[in-house]
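Here's the structure, in structure tokens; my notes come after.
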Amino acid sequence: MKFLIICIAIFLNAYTINELLNKVKTIEDTKLDEIFVKNIKENKKEINSALYPKINIFTSYEHFTIPTSIIPLPPTEVNPKEALPFSQNVLKLGFNISFPIFVKEVYENKKKMDYLIKSAKITSKINLLKREVLLINLISKLNYQYRLKSALLKKQDSIKKTIKSIEVGVKNGVIAEFKLIRLKDSLNSLDIEIENLLINIDNTKSEIYKLTKVYLNKEIEINSFLPKKRDFLLLKALKENILASKQDIKAKKSKLYPTISLNAKGYRAFAKAYNNDEDIAKNYASIGMYLNLTLSKKTFSEIEKSKLNFIKSNLEYEKNLKDLKAKEVYYKNALSKINKAIKLAINSINLKQKLLESARIAFSLNRMSVDEYLGYEDELVKAKANLFNLKATKNMLIANLAFIYGENLKKVFK
């Protein structure tokens with residue numbers, strides 16, 4: 001039963017790199033980016049709503065110090081014998097409707113929001129790619145740590161075998177007991193090193209959990225492929241920001257244009273006539289076309305600020321273009337060199353493995369000092385660690401190169 005539980009646990013932890021990349025899309029950070037894009041879209045709707053009619057329904061009760069007309073009254077309609085529409089206390093029920101016909105600022109801001117929405121979508125993709133690249137880096141690091149752990153455990157087994165092989169010689173007095181104590185001390189130091197490594201592994205697993213909500217208990221196989229050269233993704237977002245900044249200048253200038261609207265209002269007034277105290281109710285309404293022009297010193301200041309933002313956006317674009325080109329060159333050159341280094345590292349491990357086998361025999365025959373023997377053990381582990389580190393670094397370089405191109409990491413890592 002225990003064996004079955006272990007097998008199930010191993011099976012449940014058998015994630016592929018693509019499955020883990022998919023899980024990055026489900027975490028809260030990614031959902032927050034989606035909400036950010038939705039908020040930008042809602043901002044556009046809010047701007048667009050300024051082109052819809054505004055309807056205001058109101059009621060009021062007013063008291064005047066002297067009898068006041070509840071509606072405008074032409075003199076020819078005044079009949080002293082009838083209830084006159086004048087009163088000190090008036091109740092009104094009415095409405096106001098404003099229908100925008102031309103508001104240039106709204107049209108310009110709508111265009112600006114289109115650019116900002118595109119920029120937000122690209123930025124959201126960039127943020128997701130950042131987290132995916134971080135995941136690739138962490139998995140590469142975890143793989144390195146697990147492989148280093150395996151190398152240290154093999155070194156541990158190797159030293160234990162050597163201890164067993166010389167214990168007889170120590171008992172017989174052929175080999176000095178100092179050598180046995182020195183080996184056991186080295187073994188103890190190795191145990192400490194392994195424990196420290198396990199702490200680092202737990203920390204890396206915790207960082208991966210933050211991105212995937214998965215605890216990994218073993219290596220994840222990664223096969224990487226060089227991404228195709230593309231335009232830099234970040235520059236696409238910055239380009240949309242430049243267009244938005246340029247459009248913002250037009251939006252600010254549009255405040256200098258007049259607005260045209262169609263306004264209608266009406267109400268029904270209830271009161272008691274001041275001349276005979278009769279209850280009266282009168283309707284009143286009007287409709288008209290209005291042109292409004294507002295000139296403010298603040299508008300000219302806003303225009304200048306928008307021009308400065310446009311200049312700033314262009315400078316950010318040029319700066320990032322320069323930085324991304326430098327990174328592209330570095331990543332490609334580093335990958336070219338690291339592939340050669342991996343081949344050399346593999347050859348180095350094979351040679352050091354043979355040297356260690358010879359050293360073990362020489363040490364067992366009492367023809368080599370304990371420190372010389374342990375030196376060969378250390379050299380083999382260092383060679384393996386170097387290879388593991390080179391492979392992890394290669395994956396990280398490829399992930400970063402894919403990131404600046406905006407490449408789908410599922411196509412790069414299998």
Side-chain angles (χ1 to χ4, degrees), residues 17-18 20-48 108-139 207-208 210-213 227-252 302 305-328 330-331 396-413:
I17 189 65
N18 282 352
L20 292 171
L21 287 170
N22 283 332
K23 288 188 176 294
V24 178
K25 296 178 181 178
T26 65
I27 64 172
E28 293 76 10
D29 299 70
T30 304
K31 292 178 181 178
L32 286 171
D33 283 336
E34 292 172 357
I35 291 174
F36 172 72
V37 175
K38 289 179 181 178
N39 277 334
I40 299 292
K41 290 181 179 179
E42 288 302 319
N43 288 341
K44 181 185 176 182
K45 290 180 181 178
E46 187 177 345
I47 291 171
N48 195 51
E108 300 297 349
N109 278 324
K110 280 176 63 179
K111 292 177 183 177
K112 182 181 79 172
M113 291 308 300
D114 287 335
Y115 295 125
L116 290 178
I117 289 171
K118 290 178 183 178
S119 176
K121 287 180 178 179
I122 298 171
T123 301
S124 178
K125 181 180 178 181
I126 290 171
N127 290 338
L128 175 60
L129 272 174
K130 281 182 180 178
R131 289 187 282 273
E132 290 178 339
V133 168
L134 178 58
L135 176 63
I136 295 294
N137 291 346
L138 287 170
I139 290 175
E207 293 298 315
I208 292 173
K210 292 178 185 178
L211 292 170
T212 62
K213 296 183 180 179
K228 294 180 181 178
K229 180 175 174 57
R230 298 171 181 264
D231 293 334
F232 300 130
L233 181 62
L234 177 59
L235 295 185
K236 293 180 180 179
L238 294 176
K239 190 171 183 179
E240 295 298 334
N241 286 338
I242 289 173
L243 294 172
S245 297
K246 186 177 182 181
Q247 189 63 37
D248 187 54
I249 297 174
K250 294 180 180 180
K252 294 296 187 294
E302 289 176 349
K305 285 183 179 180
S306 62
K307 289 179 179 179
L308 290 174
N309 285 332
F310 177 67
I311 295 171
K312 180 182 176 183
S313 297
N314 277 284
L315 289 173
E316 286 179 352
Y317 182 91
E318 294 300 326
K319 177 183 179 299
N320 280 279
L321 174 61
K322 176 188 66 177
D323 292 346
L324 288 168
K325 283 183 176 180
K327 287 181 179 179
E328 181 186 31
Y330 166 71
Y331 293 147
M396 294 177 185
L397 288 169
I398 290 176
N400 283 307
L401 185 61
F403 170 70
I404 64 174
Y405 290 153
E407 179 65 274
N408 185 348
L409 293 188
K410 291 179 186 177
K411 295 180 180 180
V412 180
F413 296 95

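Hydrogens, waters and symmetry mates are skipped; everything else that's a heavy atom, side chains included, is used. Predicted model, so just to flag it, every value in this text is computed and none were measured.
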Does anything in residues 239-251 form a salt bridge (Lys or Arg N to Asp or Glu O under 4.0 Å)? List the pairs, not counting sequence neighbours.
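Sorted result for residues 239-251: Lys112-Asp248, Asp248-Lys252.
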
Atom [atom1] of [X] and atom [atom2] of [Y]: how far apart are they, to the nearest 0.5 Å?
X      : Y      : atom1 : atom2 : answer
Ile208 : Leu134 : CD1   : CG    : 9.0 Å
Asn109 : Ile47  : CG    : CD1   : 4.5 Å
Asn22  : Thr212 : CG    : OG1   : 11.5 Å
Leu138 : Leu135 : CG    : CG    : 6.5 Å
Leu21  : Arg131 : CG    : CZ    : 12.5 Å
Ile122 : Leu129 : CD1   : CG    : 12.0 Å

Checking the side chain of Thr30 only, and the main-chain atoms of Leu128 only, is there a donor and an acceptor separated by less than 3.5 Å?
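Pair absent, no side-chain N/O of Thr30 close to backbone of Leu128.
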
Student check: side-chain heavy atoms of [X] and [Y] closer than 4.5 Å:
X      : Y      : value
Leu238 : Ile242 : no
Tyr317 : Leu235 : yes
Asp323 : Lys319 : yes
Glu132 : Lys25  : yes
Ile136 : Met396 : no
Lys23  : Lys213 : no
Lys41  : Lys121 : yes
Ile398 : Tyr331 : no

On a heavy-atom basis, which atom in [X] and which in [Y] lie closest, and how many Å separate them?
X      : Y      : answer
Arg230 : Tyr405 : O-CD2, 3.3 Å
Glu407 : Pro227 : CG-CB, 4.1 Å
Thr123 : Ala237 : OG1-CB, 4.1 Å
Asp231 : Lys236 : CB-CE, 4.1 Å
Leu211 : Ile27  : O-CG2, 3.1 Å
Glu328 : Lys229 : OE2-NZ, 2.6 Å

[X] bridged to [Y] by N-O distance under 4.0 Å:
X      : Y     : result
Lys31  : Glu28 : no
Lys130 : Asp33 : no
Lys45  : Glu42 : yes

Might you work through the side-chain contact (heavy atoms from CB on, under 4.5 Å) test for Ile126 and Leu234, ending with a clear yes or no?
CA-CA 7 Å; Ile126 290 171; Leu234 177 59; 3.9 Å; yes

Around atom CD of Glu46, are there more than 12 heavy atoms from other residues, nucleotides or ligands closer than 6.0 Å?
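Check fails, neighbour count at 12 or below.
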
Over 12 foreign heavy atoms within 6.0 Å of NZ, Lys305
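Result for NZ/Lys305: open.
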
Given Leu233 and Ile404, is the side-chain contact (heavy atoms from CB on, under 4.5 Å) satisfied, shown in steps?
CA-CA 6 Å; Leu233 181 62; Ile404 64 174; over 6 Å; no

Any residue meeting side-chain hydrogen bond (donor to acceptor under 3.5 Å, both in side chains) with Ser313, in chain and number order, not counting sequence neighbours:
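For Ser313 the side-chain hydrogen bond (donor to acceptor under 3.5 Å, both in side chains) partners, ignoring immediate neighbours, are Ser245.
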
What pairs with Lys325 under side chain to side chain contact (heavy atoms under 4.5 Å, CB included), at least two apart in sequence or on another chain?
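Listed in chain order: Phe232, Leu321.
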
